[in-house]
Structures are given as structure tokens and as C-alpha cells.
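Structure first, then comments.
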Amino acid sequence: MGRKSVAILDVRSSDISLVIGERGVNGTFVFKAERSEQYDGYADGKFFNEKKLADLIFSLVSDVERTCGERVKNLYVGVPGAFTKVIPKDRTISFPKRRKITDRETDMLFENGKEECKGYRFMRATSMVYITADNRRVIDPVGLSSAKLSGLLSYFYCSDYFAETMESCFRSMGIMLKFLPTEYAAAVYLIPSETRDEYALFLDSGYLSTTVCVLLGNGVLAQRTFWTGCGQIAVRLMETFSMPYQAAAQLLRKTNLYAKKGAGKFEFEYAGESYFIDSDALIEAVKEGLDELCEAASGFFEECAGRELDYKPLYISGEGITQIRGAMDHVSKRLNRVTEELCPSQPYYDKPTKSTQLALTDMASSDYNKSRFLSRLFGGFGG
């Protein structure tokens with residue numbers, strides 16, 4: 001790959017994408033190769049079929065390498081919320097006397113809160129807010145003078161199961177992996193920093209799972225994944241209308257929650273079979289599925305009570321409910337809060353389904369450029 005390129009594996013509950021890209025101009029990205037395939041997915045912290053997963057990943061890597069004409073040696077792997085643990089911590093370090101805060105002091109603060117998490121491995125840590133000795137709340141304390149530095153910090157961990165499964169898939173190919181928290185990457189990429197300076201709510205709507213985050217500053221205060229999504233709504237339609245799952249999934253994509261009541265039945269065809277669907281029954285079934293998601297999210301927000309979340313909008317992205325016409329309005333009414341669909345601003349990728357792909361590329365590019373800078377700084381600039 002080129003010196004500026006990064007390889008990304010975006011693992012969703014319905015499909016997996018492997019892309020090679022690099023930063024373009026004006027915050028855009030140029031993708032040299034990309035490939036996406038559907039697979040069985042995961043539930044309850046486990047992949048449904050690890051053998052098929054490994055075969056799929058091998059195929060993706062082979063195809064992308066063939067397109068680029070180069071080998072993938074290092075890969076950034078997005079870790080979905082189902083395999084991520086976020087631990088917020090409040091930490092303080094004091095100094096013998098007032099000093100100018102540098103990166104060294106912030107690193108000390110992060111190290112002070114870092115600890116082992118059984119069943120998980122550490123990915124990264126970020127700050128929500130820093131507080132100096134004179135009670136100044138800042139996003140970045142570097143350059144300020146203080147005798148004490150406190151911070152509300154977020155520590156991100158990847159489940160051992162996910163990491164070991166991925167390492168097993170790539171070991172025979174000799175590819176080194178680095179893990180990135182997918183929902184955090186999407187949230188900070190899509191939501192402006194000035195919005196996150198106060199509490200912000202983000203919902204990543206997947207096909208089989210939904211992850212909700214409470215953001216503050218550059219970190220995550222709380223995160224929860226629920227096993228609700230379009231896949232479960234499709235199962236509801238399958239049972240309601242006695243049709244195959246794939247037919248139900250296609251019917252769901254054609255559903256319009258804005259349809260008038262009493263419209264009667266309409267004919268739906270799939271694989272040569274005709275089904276006569278009652279429009280009211282279809283809309284009711286879909287709304288019931290969405291209500292399950294809303295109840296789960298509402299319960300999570302109630303657990304975060306006291307965080308001034310009542311009037312905060314809910315930002316939504318992902319390939320799930322954003323694909324159902326009228327779903328955003330229904331969720332807004334059920335949760336009694338404004339909802340806003342988010343997607344990348346880059347042309348050809350300005351869809352919610354592309355959010356995590358571009359967000360992970362953005363985070364990976366930043367990490368890669370930082371590591372290159374440090375390597376050159378400590379290894380000399382002549383190489």
C-alpha cells in the first residue's frame with residue numbers, strides 16, 4: 001500500500017467491509033479499493049459462524065490486494081459496540097508546585113486510570129473534560145499552568161473473544177491488527193466538537209444490534225448495545241405474514257410508515273410468490289418493532305438521569321432504521337425528543353450506511369499519521 005494509505009475492516013452485524021483509503025483534500029478520502037459482503041453476523045457477543053467468517057475475510061483480503069496490486073500488512077479493525085466496553089473514570093494528579101501542563105502530564109493522568117479489565121483488552125483512552133486547580137473546565141489543558149490536573153476520562157476495551165477471533169482469521173496472512181471502537185469513531189466523526197462540548201446522544205442503528213452512546217467532549221460517558229434492529233423487525237413480519245425471512249426483509253425495505261390508514265391490502269411479490277399484505281397490519285408490526293428499540297433506548301437514557309439529557313436531540317446513523325421510510329419520525333415521537341439523521345458529507349458516501357466506514361478511515365488515518373510522526377521524530381528524519 002502507499003505510504004499514506006490505511007486498510008480498514010468495518011465489522012457490522014449484517015456485512016463486513018474492507019477498504020484501503022487515504023486522506024484527500026478538504027477532509028475527504030480517496031479509496032483505492034473496497035469490498036463488502038454480507039454474512040451471518042453475531043448475537044450475544046459471539047459470531048454465528050466463525051468458519052464462514054474466516055473464509056469471508058480471506059476472500060475480502062485477496063480481492064482488495066488484487067485490486068491494489070499490493071499486500072496488506074497492517075489493518076485497523078473496527079470493534080462494534082457488542083464487543084466494546086467503555087469505562088468512564090474521574091482521575092486527579094497533583095504536582096509539588098504549579099507547572100505548565102504538557103502532553104506528559106495528560107499522559108500521566110491517563111496512565112493513572114488505566115487498569116486491566118477481565119475478558120477485555122485495552123484499545124484507547126480519551127478525555128471528556130479536564131479541570132485545573134482553579135476549577136477551569138477545558139477540553140485541552142496543554143499550555144495552561146496548574147498545581148493539579150483532573151480529568152473525566154473514557155477507557156475503551158475490546159472483548160478478548162473478538163480480538164482473538166480476528167487475530168485467528170488474519171494470522172495465516174501475516175497481517176498485524178490494531179483495534180478501534182466503531183461507535184466512538186462514528187460519533188466524533190459525525191457530530192461537531194462544539195455540539196459534544198455539552199452532552200450529545202448518538203444512536204448507531206445496525207441490522208441486528210443497536211448501540212446508544214452518551215457523549216461528552218472528546219469522550220463517551222456511557223454506552224449500551226441492544227439486540228434490536230431491522231433483522232428482528234423482519235422476523236416479526238415473517239411470522240405475521242407467513243413468508244420467508246428474505247421476503248420479509250425486502251418487504252420491510254418497501255414499508256412506508258406515512259401510508260394512510262385503511263388503505264387495504266396490496267400485492268407483494270418475492271421469488272415468484274405473491275403475498276397479499278394488509279397495509280395497516282404491516283405498519284403496526286413495524287411500529288411495534290421500532291417501539292422495542294425505543295423502550296430499550298429510553299431505559300438507557302433514564303439510567304443516565306441527572307445528566308441534562310432531556311432536551312438533547314438524538315443523532316442517528318447506520319444501516320438500520322434509517323432505511324425505513326417514516327421510522328425517524330416514529331422514533332422521535334416515541335422518545336419525545338428531536339431526532340436527526342447523520343451521514344458523511346463526502347460525495348458518493350453521503351449515506352448513513354457509509355458512516356462507520358468513513359469514520360474508521362478518519363480515525364485510522366489520524367492514528368497512522370501520528371505514529372509515523374513519532375517514528376520519524378525518534379528515529380530520525382533521514383530515512
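What you see is a predicted model; the values in this text were computed from it and never measured.
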Query raised in the report: Any salt bridge between E319 and K351, counting N to O under 4.0 Å?
Result: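 No, this pair does not count.
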
**Report entry** Residues that D160 engages under salt bridge (Lys or Arg N to Asp or Glu O under 4.0 Å), provided they are two or more places apart
**Finding:**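 D160 satisfies salt bridge (Lys or Arg N to Asp or Glu O under 4.0 Å) with no other residue.
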
**Report entry** Pairwise side-chain hydrogen bond (donor to acceptor under 3.5 Å, both in side chains) hits with a residue in residues 269-286, at least two apart
**Finding:**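 Found E267-S274.
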
Under 3.5 Å: donor-acceptor pair, side chain of [X], backbone of [Y]:
X    : Y    : value
T228 : L293 : no
T182 : V79  : yes
E34  : S17  : no
S355 : G318 : no

Report task. Look up atom OG1 in T84 and atom CD in E183, then write down how far apart they are to the nearest 0.5 Å. Result ->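 Interatomic distance, T84 OG1 to E183 CD, rounded to 0.5 Å: 6.5 Å.
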
Query raised in the report: OG1/T339 to CG/L201 distance, rounded to the nearest 0.5 angstrom?
Result: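 Interatomic distance, T339 OG1 to L201 CG, rounded to 0.5 Å: 11.5 Å.
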
Requested in this report: List in chain and number order the residues that pass side-chain contact (heavy atoms from CB on, under 4.5 Å) with S242, two or more places apart in sequence or in another chain; answer none if no residue qualifies.
Outcome: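 Checked S242 against side-chain contact (heavy atoms from CB on, under 4.5 Å); zero matches.
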
Please examine the side chains of [Y] and [X], heavy atoms only from C-beta on, and report whether any two atoms are closer than 4.5 Å.
X    : Y    : result
F301 : L314 : yes
F268 : L282 : no
K333 : H330 : no

Query raised in the report: Could you go step by step and tell me if I324 and C230 meet the side chain to side chain contact (heavy atoms under 4.5 Å, CB included) rule?
Result: CA-CA 9 Å; I324 305 173; C230 287; 3.9 Å; yes

Requested in this report: Measure up the F110 and Y130 rings against each other and bin them: parallel (under 30°), tilted (30 to 60°), perpendicular (over 60°).
Outcome: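 Ring orientation of F110 relative to Y130: perpendicular.
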
Query raised in the report: Which residue, T356, L190, V212, L342, forms the side chain to side chain contact (heavy atoms under 4.5 Å, CB included) with D204?
Result: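 Among T356, L190, V212, L342, the one meeting side chain to side chain contact (heavy atoms under 4.5 Å, CB included) with D204 is T356.
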
Query raised in the report: Which of these, R91, R99, R98, sits in a salt bridge (Lys or Arg N to Asp or Glu O under 4.0 Å) with E105?
Result: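 Among R91, R99, R98, the one meeting salt bridge (Lys or Arg N to Asp or Glu O under 4.0 Å) with E105 is R99.
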
